[in-house]
Amino acid sequence: MPYILQQLLTESVRQFPDKPAVWARGRTLTYRELEQRSNQVAHLLRSRGVEKGDRIGIYFPKAVESLAAMFGVLKAGGVYVPLDPLAPADRIAYIISNCAMKGLITNGDRLRGLDASKIPSVEFSLLTEDKANGLDRPDVVSWSELSAFPADHAPSLQATTTDLAYILYTSGSTGRPKGVMLSHQNALTFIEWCAETFSVRSDDHVSNHAPLHFDLSVFDVYNAIKAGATVYMVPDDTAKFPASLSKWMVEQEISIWYSVPSALVFLLLHGNMKAEKLARLRIILFAGEVFPQKYLKQLAELLPHIELHNLYGPTETNVCTYYTVDRERLKTQDKLPIGKACTNTEVFAVDDNDHIVTQPGEVGELYVRGPSVTNGYWADPEKTAKMCVPNRFQPHFQEKMYKTGDLVMLDEYGDYLFLGRRDNQIKSRGYRIELGEIEAALLSHSGVREAAAIAIPDEEIGARIKAVVALHQPGSLSVVDLQQHCAARIPNYMIPEMIELRDTLPKTSTGKVDRVSLAQASVAVV
Amino acid sequence: MESNLKSQIREFVMENARGKGITELSDADSLISRGIVDSLGIFRLVSFLEESFGVRIPDDEIINDNFQTIDDIDRFVTAKLGAVKGQAPATA
């Protein structure tokens, strides 16, 4: 049984050395090539002083080198940190310093961007290409230098399944992203469950639609590698055009598709998808947000022979529950369940009286325990203590459980239904967004006196973001000024698409900003 | 001479770009890799083109070849307006 992620690759290399492991933008790496390249990356990292547990950023648009980088870092004993190639420099700078990143695997374009923004530099940067103008300096290493390192074996490593494998940064309510620490065991628990439930096979073509800093990609990459299948990374530009995307799915003969529901809704509405053309497609998985029932019914009808599964789980738990769509029940269902716990995971809902919910119709907050659950947030014991709490329902030994903040209800079949959040976290296009992080970005402008971010429900993408802002001096800033200020601090998908300027924000009787009335007024207008 | 069509397209794209913190953009810059057009924004752009220039853009023409840059969009819409003269736009 593999206990660290890189063993999945090494196992598959033995069986399928000449099969393509990864496809990206028309290029492929076979299993042997991926094994050898990642061995060389690992040796190069060691030669640069990387030791067990050191954090290495992966910061370039998806390419076959992405997998060589991920496995290379793991084989060196490091912890990889995927960074959004489109994130503003300020956010990248925060992550680099928050996790004390030792090195980066990046490209010339991104590195020049970091240099221009005067971001505190890491000790070294490995480029996925050769050094070009302005980057000819000792801390920058060309990809071609890898050939000087051994390809046939990885560096020796003493590792256990509880070592960290990667850190995924997700939106934080106090204005800064937080780094969810995932161990080899956390990921493998999920991968083992997937293998058993979806029977991923060596002839599968597994899509990779989600960005690598988004936890859906963990399924795509490691399940494909475990099965000896091929992972097909969706080109970024193709992903933006539904007709191009469905054509790509046909051409690449995708057999397992995994994405957020909003990507599937776009495909459904504008992709001209045809069941007879998607001959090899057998499984569609979706996660990250609620699938609008109306569109799910249309998808189930359009693709009548394809299994549809709803996976649920915050990044902190990988995936903790799932529900397989039952086409008969779907006809009369108003809400799609998030289902029951995955193998080797326990979930339960706790009501306001601190009792575990057992009867249909009862509501509680969902808790998760088991080996897929994170140990917490990097360098943030306070947030960790708030979310990863002692299991008070089991007195015999100490263990932690994760408090999701999600309100659920048990239904008559024993499935959980997602009702909403306890706090101000929202989902838009599957991205997890803390409204507080948007407010903090707005408030960091010296001209802003008050700011409230609100989510306006949207059928296709889950929610659109609006902000209501009061300035110190009315008229001193425009909507575009504020959007640009946000763009330098938070990712594109978090920037409010609408900003309303007011003289003052409405307050509740306790003096807090009255989000409820703001949200109600906004929904009424839209 | 610069066409009125292209300047209207540029103005619409720049309005969206500014909201994402981008103030400089050439007509040949990729709207996707600069993060200006995402999967939602593309349909707003399509509605704008349909309403402003009286063209109908079916889903299979909403592809990278036609929407990668301001130059591409200009070429695409110009071709559609002149479609009677036999210039057919690219499709998926």
Side-chain angles (χ1 to χ4, degrees), chain A residues 61 84-90 109 209 235-248 250-251 259-260 262-263 265-273 428-431 458 460-462 464 478-499, chain B residues 10-50 55-73 75-77 79-80 88-92:
Chain A
D84 178 359
L86 285 176
D90 182 70
D109 184 47
H209 178 269
D236 291 337
D237 43 4
T238 304
K240 307 294 180 202
F241 300 96
S244 308
L245 185 54
S246 71
K247 191 172 164 219
W248 180 88
V250 172
E251 285 169 356
S259 74
V260 291
S262 42
V265 172
F266 272 109
L267 273 170
L268 177 74
L269 297 180
H270 304 285
N272 299 328
M273 275 203 295
S428 175
R429 269 169 273 187
Y431 286 105
D458 182 275
E460 287 177 26
I461 63 161
R464 286 165 192 259
S478 71
V479 167
V480 168
D481 291 337
L482 290 168
Q483 286 172 325
Q484 287 185 12
H485 178 77
C486 288
R489 283 157 187 83
I490 52 180
N492 265 341
Y493 56 83
M494 289 173 64
I495 302 171
E497 56 176 285
M498 294 160 276
I499 298 183
Chain B
R10 187 184 303 117
E11 199 179 314
F12 181 86
V13 170
M14 280 313 296
E15 203 180 298
N16 280 274
R18 277 191 291 270
K20 295 190 186 289
I22 294 165
T23 46
E24 275 175 50
L25 183 73
S26 89
D27 291 353
D29 277 351
S30 163
L31 304 179
I32 305 290
S33 55
R34 300 282 308 263
I36 297 166
V37 168
D38 53 30
S39 47
L40 184 72
I42 196 75
F43 288 99
R44 249 184 257 155
L45 179 58
V46 166
S47 310
F48 163 78
L49 297 174
E50 290 188 331
V55 290
R56 213 190 75 74
I57 303 173
D59 286 334
D60 64 356
E61 289 177 8
I62 306 171
I63 54 172
N64 201 9
D65 289 348
N66 297 334
F67 287 88
Q68 176 91 339
T69 64
I70 292 178
D71 281 335
D72 289 338
I73 302 169
R75 232 187 330 265
F76 167 65
V77 178
K80 283 201 75 83
T91 58

*Asks:* In terms of the angle between their ring planes, are A/Phe241 and B/Phe67 parallel, tilted or perpendicular, with boundaries placed at 30° and 60°?
*Replies:*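 Plane angle between 30° and 60°, so tilted.
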
*Asks:* Using every non-hydrogen atom in the two residues, find where B/Ile32 and A/Asp236 come nearest and quote the distance to one decimal.
*Replies:*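 Heavy-atom minimum between the residues: CG2-O, 4.1 Å.
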
*Asks:* Of the backbone (N, CA, C, O) and the side chain (C-beta and beyond), which part of B/Thr23 lies under 4.5 Å from a heavy atom of chain A, both, or neither?
*Replies:*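 Side chain only.
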
*Asks:* What do you reckon, is CD of A/Glu251 surrounded by more than 12 foreign heavy atoms closer than 6.0 Å?
*Replies:*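 Yes, the 6.0 Å shell around CD holds more than 12 heavy atoms from other groups.
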
*Asks:* Indicate yes or no: at least one non-hydrogen side-chain atom of A/Gln483 is less than 4.5 angstrom from one of B/Arg18.
*Replies:*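 A/Gln483 does not reach B/Arg18 side chain to side chain.
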
*Asks:* With a 4.5 angstrom heavy-atom cut-off, which part of A/Ile499 approaches chain B: side chain, backbone, both or neither?
*Replies:*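 For A/Ile499, there is no contact with chain B at all, as no heavy atom is under 4.5 Å.
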
*Asks:* Test A/Lys240 against B/Ile42 for side chain to side chain contact (heavy atoms under 4.5 Å, CB included), laying out the working first.
*Replies:* CA-CA 8 Å; A/Lys240 307 294 180 202; B/Ile42 196 75; 5.9 Å; no

*Asks:* Passes side chain to side chain contact (heavy atoms under 4.5 Å, CB included), B/Ile62 versus A/His270? Steps please.
*Replies:* CA-CA 9 Å; B/Ile62 306 171; A/His270 304 285; 5.5 Å; no

*Asks:* Can you tell me how far the CD1 atom of B/Ile63 sits from the CG atom of A/Leu245, to the nearest 0.5 Å?
*Replies:*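 Atom-to-atom, B/Ile63:CD1 and A/Leu245:CG are 13.0 Å apart.
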
*Asks:* Could you check B/Asn64 against A/Asp237 for side-chain hydrogen bond (donor to acceptor under 3.5 Å, both in side chains), going step by step and ending with a plain yes or no?
*Replies:* CA-CA 7 Å; B/Asn64 201 9; A/Asp237 43 4; 2.6 Å; yes

*Asks:* Taking ring-ring contact (aromatic ring centres under 6.0 Å, His included) as the definition, give me every residue that meets it alongside A/Tyr493, ordered by chain and number, with sequence neighbours left out.
*Replies:*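 Per chain and number, A/Tyr493 pairs via ring-ring contact (aromatic ring centres under 6.0 Å, His included) with A/Tyr431.
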
*Asks:* Test of understanding: with salt bridge (Lys or Arg N to Asp or Glu O under 4.0 Å), list the residues that count as partners of B/Asp72, not counting sequence neighbours.
*Replies:*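 For B/Asp72, the residues satisfying salt bridge (Lys or Arg N to Asp or Glu O under 4.0 Å) (neighbours in sequence not counted) are B/Arg75.
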
*Asks:* Indicate yes or no: does B/Lys20 engage A/Glu497 in a salt bridge with an N to O separation below 4.0 Å.
*Replies:*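 Looking at B/Lys20 and A/Glu497, the cut-off is not met.
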
